[in-house]
2 protein chains.
Amino acid sequence: MDADVYAKDCPSRQVLDRIGDTWSVLVVLTLARGPRRYTELATKIEGVSPKMLTQTLRALERDGLITRTVHAVVPPRVDYELTKLGISLLDLVDALEGWAQTHMGDVIEARAAYDGRPPQA
Amino acid sequence: MDADVYAKDCPSRQVLDRIGDTWSVLVVLTLARGPRRYTELATKIEGVSPKMLTQTLRALERDGLITRTVHAVVPPRVDYELTKLGISLLDLVDALEGWAQTHMGDVIEARAAYDGRPPQA
DNA sequence: CGGCATCCCCCGGGATACTG
DNA sequence: CAGTATCCCGGGGGATGCCG
């Protein structure tokens, strides 16, 4: 198999897209330290709508990155948890978060410089 | 500074978004082994439209991840190159590509299993 | 509580054509 | 060659309302 992310039809491109999705990343990060309930995820991840959260969770489940466990109690309780595959992704996603935090300042600076300078300097 | 990616207004979230963008990732990957011209990028990265390529390049430039060098020749020649900051991101993005390629098979399998099974098994 | 369905709006982004 | 400008469409995604 080629697994060429540059090829628009290669599945690896789709996988890359999934990893790239912000909500996916945040969900995986939130599940880093064990199972979480739907509401916990919704609360922790600011700005995500119920629709997008569900959609993201389904996509991650479909891709085998998380499991969805329904507890037959009332009120209902649903736990989401990283699979082995999901855990293997965790290191990466963690690094992503780290990079974003570490270099956030640099990026902000760069933006200011770029915006402050006349277009055709 | 908090640098909380879960906070919807934290700049780190925006940085995360930029990293997440598929075109950004592919551009950075393409620039991994040295400067590339606009057309080279357009050719290498399948499926990207001129509009999106330009837009992506501008965003990356603004964030200080790449530089844009215009050579005063005719026909015009423009080179894009990773900055130090961009290079620091390269390792991550490389790992991303690697993960996508390595686990592509697992994901495809998981999807087949998920899709093949009746909704409420 | 944890969804799914529906509606609807907005804009991301592709296609096409033109310019320096 | 390396863009920019314009048009336009599809669907991403928010809001709301209803079930188990």
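Just so it is clear: chains get the letters A, B, ... in the order the sequence lines come, proteins before strands, and each one is counted from 1.
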[N] [atom2] sits how many Å from [X] [atom1], rounded?
X	N	atom1	atom2	result
A:D17	C:dG12	CG	C1'	14 Å
B:Y80	D:dA2	OH	C1'	7 Å
A:Q55	C:dT6	CD	P	15 Å
B:W23	C:dG13	CH2	P	9 Å
A:D21	D:dG12	CG	P	11 Å
A:D79	C:dG3	CG	C1'	15 Å

Can you measure from CG (A:L65) to CG (A:L57) and round to the nearest 0.5 angstrom?
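Those atoms lie 11.5 Å apart.
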As an exercise, state the distance from CZ of B:R62 to CZ of B:R58, rounded to the nearest 0.5 Å.
13.0 Å
Between residues 25-53 of chain B and DNA chain C, which residues have a heavy-atom gap below 4.0 Å?
B:S49, B:K51, B:M52
B:R68 side-chain N/O to D:dA2 phosphate OP1/OP2 under 4.0 Å
no
Looking at A:G47 and B:K8, what are the two nearest heavy atoms and their distance?
CA-CD, 4.2 Å
List the steps, then state whether side-chain contact (heavy atoms from CB on, under 4.5 Å) holds for A:H71 with A:V78.
CA-CA 6 Å; A:H71 301 275; A:V78 180; over 6 Å; no
Go through the steps for A:V27 and A:Y80 under the test side-chain contact (heavy atoms from CB on, under 4.5 Å), then give the verdict.
CA-CA 10 Å; A:V27 165; A:Y80 294 93; over 6 Å; no
What nucleotide, of C:dG20, D:dT4, C:dG3, holds the atom closest to the side chain of B:P76?
C:dG20
Would you mind checking if A:D63 and B:R111 are paired as a salt bridge, meaning a charged N to carboxylate O distance below 4.0 Å?
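Salt bridge present between B:R111 and A:D63.
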